[in-house]
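Working notes, structure below.
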Amino acid sequence: MSNVEDCNVIIENLDGTEYLGRTLKVNFADKPKPNKEPLYPETEYKLFVGNLSWTVTSESLAGAFRECGEVVGARVVYDGDTGKSRGYGFVCYSSKDEMETALESLDGLELEGRAIRVNLAQGKKY
């Protein structure tokens, strides 16, 4: 599945159903396996997007940012335990110009009822 919403639909539809005489138990794995591959395509032209509405999906986030250029990848970050949005995400562009246009024009944009915050993404802090 490509996102938490898809997973929730599968869980809702299959958990507790019977298959070949056995009851299925379908849920989220306790801990994801380490993966070297990025969850979505990334570039160096990456923006942090905060104050997202709980209803924003990775797809709707990408759609909102496409007006400023070619979105290479976009994702909303979800809590691993609850499956709920953490209220922020990231968007990557194919060029610096597109990223800067989005940074200037989309900061404060109302997306699904909330004014979003757009900043340059910082590297992970360990």
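Count residues from 1 along the sequence.
Seen from the ring of Phe90, Lys46 counts as a face-on cation partner, given the 6.0 Å and 45° thresholds.
Using a 4.5 Å heavy-atom cutoff, the side chains of Val76 and Leu52 are in contact. Here the side chains of Leu111 and Leu61 are in contact, with some heavy-atom distance below 4.5 Å. Side-chain contact between Arg114 and Glu110 is absent, with no heavy-atom pair separated by less than 4.5 Å. Between Asp97 and Tyr45 there is no side-chain heavy-atom pair separated by less than 4.5 Å. Side-chain contact between Tyr93 and Leu47 is present, with at least one heavy-atom pair separated by less than 4.5 Å.
Residues Gly87 and Ser85 come closest through the heavy atom pair N-OG, 3.0 Å. A pairwise comparison of heavy atoms in Ala74 and Ser58 identifies O-CB, 3.6 Å as the closest pair. Closest heavy-atom contact between Val118 and Ile116: CG2-CD1, 4.0 Å. In this structure, Leu106 and Phe65 approach most closely via the heavy-atom pair CD1-CD2, 3.4 Å. When all heavy atoms are compared, the tightest approach of Gly16 to Thr23 is O-CG2, 3.7 Å. Between Val26 and Leu14 the shortest heavy-atom distance is CG2-CB, 3.9 Å.
The neighbour count for Glu18 CD, taken as heavy atoms of other residues, nucleotides or ligands under 6.0 Å away, is above 12.
Residues Glu5 and Tyr78 have side chains that bring a donor and an acceptor to within less than 3.5 angstrom of each other. There is no side-chain donor-acceptor pair under 3.5 Å between Arg117 and Asn51. Residues Thr55 and Glu112 have side chains that bring a donor and an acceptor to within less than 3.5 angstrom of each other.
Of the possible donor and acceptor atoms, one in the side chain of Glu98 sits under 3.5 Å from a partner among the backbone N and O of Ser95. Side-chain atoms of Asn13 come within 3.5 Å of backbone atoms of Val9 as a donor-acceptor pair (strictly under, hydrogens ignored).
Rounded to the nearest 0.5 angstrom, Arg75 CZ and Cys92 SG are separated by 9.5 Å. Between atom CG of residue Asn119 and atom CZ of residue Phe48 there is a gap of 7.0 Å, rounded to the nearest 0.5 Å. Once rounded to the nearest 0.5 Å, the distance linking OG1 of Thr17 with NZ of Lys25 reads 11.5 Å. Here the OG1-CD distance, from Thr101 to Glu67, works out to 10.5 Å after rounding to the nearest 0.5 Å. To the nearest 0.5 Å, atoms CG (Asn27) and CG (Asn8) are separated by 11.5 Å.
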Full working for side chain to side chain contact (heavy atoms under 4.5 Å, CB included) between Met99 and Leu120:
CA-CA 9 Å; Met99 178 190 72; Leu120 293 175; 3.7 Å; yes

